[in-house]
Amino acid sequence: MPVHRPATTRRRTRFGAVGTLLAALSLLFTLPSAAHAADVPQRGEAFMGMGVAAHDGDTGRPPVDRAVQTEGVDVSGHQGNVAWSTLWNSGVKWAYVKATEGTYYTNPYFAQQYNGSYNVGMIRGSYHFATPDTTSGATQANYFVDHGGGWSKDGKTLPGALDIEWNPYGDACYGLSQSAMVSWIKSFTNQYKARTGRDPVIYTATSWWTQCTGNSAAFGSTNPLWVARYASSVGTLPAGWGFYTMWQYTSSGPTVGDHNKFNGALDRVQALANG
């Protein structure tokens with residue numbers, strides 16, 4: 001009985017072509033996911049303002065001849081050892097240093113950054129990068145205070161700051177509703193005050209605050225505002241605040257990148273430190 005080898009070859013060729021097509025389609029759908037995964041930082045790598053330019057843009061810097069303001073910087077582990085003398089000689093008088101993130105990360109350069117800024121004469125404080133999708137606000141406030149986020153009335157220590165902004169690891173609002181986000185922030189700020197006696201500074205961007213808290217006005221009378229906007233003016237402030245205390249105006253300033261303006265002369269920075 002004859003064996004139809006040509007037909008078998010055709011079937012194999014057809015099945016092979018289908019397999020090749022399926023593999024190509026699989027690769028096509030996998031590549032965007034892989035690229036997205038590559039864009040997501042590792043836990044702990046977040047830093048103050050990392051989402052500002054991407055969401056709000058970077059359109060300029062404030063004019064030099066503004067009302068009296070005092071230059072400051074913020075740093076985190078990604079800057080490593082900081083040249084504090086260089087910054088001091090350039091006119092920087094205050095600094096904030098990332099201490100913690102969530103309840104799983106402490107800045108390995110914290111000692112050099114926190115003590116180094118103090119040693120050159122700066123008034124400095126520490127900040128906590130919030131991750132409201134991992135643990136409660138109170139739990140993270142405790143972690144922050146226990147790992148460098150405390151306060152003392154020595155005239156050189158600023159109250160701790162809560163960095164609450166776009167989630168670099170996923171959903172912008174960390175999967176929380178607007179009301180749940182407000183409750184999370186209250187949990188953090190209330191616990192921080194209970195531990196230190198100070199209301200923490202709140203760092204945020206107006207657009208994120210509007211999106212993720214519904215533009216809550218609940219904190220304007222208690223918590224100093226540190227607003228992020230990379231432009232020639234600070235723009236509209238979040239609800240509840242009639243003025244800003246600090247303004248992060250660029251992520252591309254000299255030496256460390258993130259530079260800020262304190263809304264007042266050095267004696268006002270000292271006043272905030274003293275409580």
Side-chain angles (χ1 to χ4, degrees), residues 44 46-49 72 74-77 94-107 110-111 113-114 117-118 123-167 173-174 176 178-205 208-209 212-213 216-228 238-241 244-246 248 260 262 269-275:
F47 55 88
M48 186 172 276
D74 60 88
V75 298
S76 63
W94 61 275
Y96 266 91
V97 176
K98 181 181 179 181
T100 52
E101 176 179 321
T103 53
Y104 51 79
Y105 172 86
T106 58
N107 176 6
F110 182 77
Q113 295 174 349
Y114 193 72
S117 54
Y118 177 92
I123 301 172
R124 73 341 180 197
S126 56
Y127 78 85
H128 174 79
F129 193 95
T131 56
D133 57 341
T134 59
T135 47
S136 71
T139 299
Q140 292 192 30
N142 284 329
Y143 187 79
F144 178 40
V145 173
D146 291 341
H147 296 87
W151 174 80
S152 59
K153 193 172 183 177
D154 58 3
K156 299 295 291 289
T157 304
L158 293 161
L162 173 64
D163 178 358
I164 185 78
E165 57 175 298
W166 294 276
N167 179 9
C173 301
Y174 301 85
L176 271 62
Q178 292 174 340
S179 60
M181 183 63 75
V182 172
S183 295
W184 191 97
I185 297 169
K186 284 182 178 177
S187 175
F188 183 99
T189 58
N190 289 344
Q191 183 64 14
Y192 185 84
K193 186 171 185 178
R195 289 288 306 273
T196 67
R198 294 298 306 272
D199 291 300
V201 173
I202 291 179
Y203 168 96
T204 195
W208 182 91
W209 191 262
C212 297
T213 74
S216 171
F219 304 92
S221 63
T222 52
N223 301 91
L225 173 65
W226 187 352
V227 67
W241 283 284
Y244 66 89
T245 299
M246 291 167 279
Q248 187 190 61
N260 306 268
F262 193 96
V269 183
Q270 293 168 330
L272 179 61
N274 284 322

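The CH2 atom of Trp209 sits 4.0 Å away from the CD1 atom of Ile185 when rounded to the nearest 0.5 Å. Here the OH-CG distance, from Tyr127 to Asn107, works out to 8.0 Å after rounding to the nearest 0.5 Å. Taking SG of Cys212 as the start and CD of Gln178 as the end, the distance is 7.5 Å to the nearest 0.5 Å. Distance check: Tyr203 OH to Thr245 OG1 gives 14.5 Å after rounding to the nearest 0.5 Å. Annotation: the span from Tyr174 atom OH to Met181 atom CE amounts to 7.0 Å, rounded to 0.5 Å. Taking OH of Tyr143 as the start and CZ of Phe188 as the end, the distance is 12.5 Å to the nearest 0.5 Å.
Across Gly150 and Thr196, no two heavy atoms sit closer than the pair CA-CG2, 4.4 Å. Closest heavy-atom contact between Ala205 and Trp166: CB-CH2, 3.5 Å. For the pair Lys153 and Asn274, the tightest heavy-atom approach, listed with the atom from each and the gap, is CE-O, 3.0 Å. Closest approach of Asp199 to Lys193, counting heavy atoms only: OD1-CD, 3.1 Å. Annotation for Phe144 and Ala99: closest pair CE1-CB, 3.9 Å, computed over non-hydrogen atoms. The heavy-atom pair separating Trp208 from Thr204 by the smallest distance is CE3-OG1, 3.4 Å.
In this structure a side-chain-to-backbone donor-acceptor pair under 3.5 Å is present from Ser183 to Ser179. Panel note: side chain Thr157, backbone Asp154; no donor-acceptor pair is recorded below 3.5 Å. At distances below 3.5 Å, not a single donor-acceptor pair connects side-chain atoms of Tyr96 with backbone N or O atoms of Ala161.
Side-chain atoms of Phe219 and Leu225, non-hydrogen and from C-beta on, never get closer than 4.5 Å to each other. Asn167 is not listed as a side-chain neighbour of Cys173, based on a closest heavy-atom distance of 4.5 Å or more. Taking the side chain as every heavy atom from C-beta outward, Arg198 and Leu272 approach each other to under 4.5 Å. Thr189 has its side chain out of reach of Thr222: every pair of non-hydrogen atoms, C-beta onward, lies at least 4.5 Å apart. No side-chain heavy atom of Leu162 sits under 4.5 Å from any side-chain heavy atom of Tyr192.
For the residue pair Thr213 and Ser216, no side-chain donor N or O sits within less than 3.5 Å of a side-chain acceptor on the partner. Judged purely by distance below 3.5 Å, without hydrogens or angles, the side chains of Thr100 and Gln140 never pair a donor atom with an acceptor atom.
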> Is there a side chain to side chain contact (heavy atoms under 4.5 Å, CB included) between Glu165 and Phe129 once you walk through the steps?
Replying inline: CA-CA 9 Å; Glu165 57 175 298; Phe129 193 95; 3.6 Å; yes
> Does the pair Leu158 and Val201 meet the rule for a side chain to side chain contact (heavy atoms under 4.5 Å, CB included), with working shown?
Replying inline: CA-CA 9 Å; Leu158 293 161; Val201 173; over 6 Å; no
>> The test is side chain to side chain contact (heavy atoms under 4.5 Å, CB included); show your working for Trp241 and Val227 and say whether it passes.
In response: CA-CA 10 Å; Trp241 283 284; Val227 67; over 6 Å; no
>> Show, in sequence, the C-alpha distance, side-chain angles and deciding distance for Asn142 and Thr103, and conclude whether the side chain to side chain contact (heavy atoms under 4.5 Å, CB included) test is met.
In response: CA-CA 9 Å; Asn142 284 329; Thr103 53; over 6 Å; no
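Remark: aromatic rings of His147 and Phe110 are distant, center separation not under 6.0 Å.
For Lys156, the NZ atom sits in a packed shell: over 12 heavy atoms of surrounding residues, nucleotides or ligands are nearer than 6.0 Å.
Between Trp226 and Trp94, the ring-plane angle classifies as perpendicular under the 30° and 60° cut-offs.
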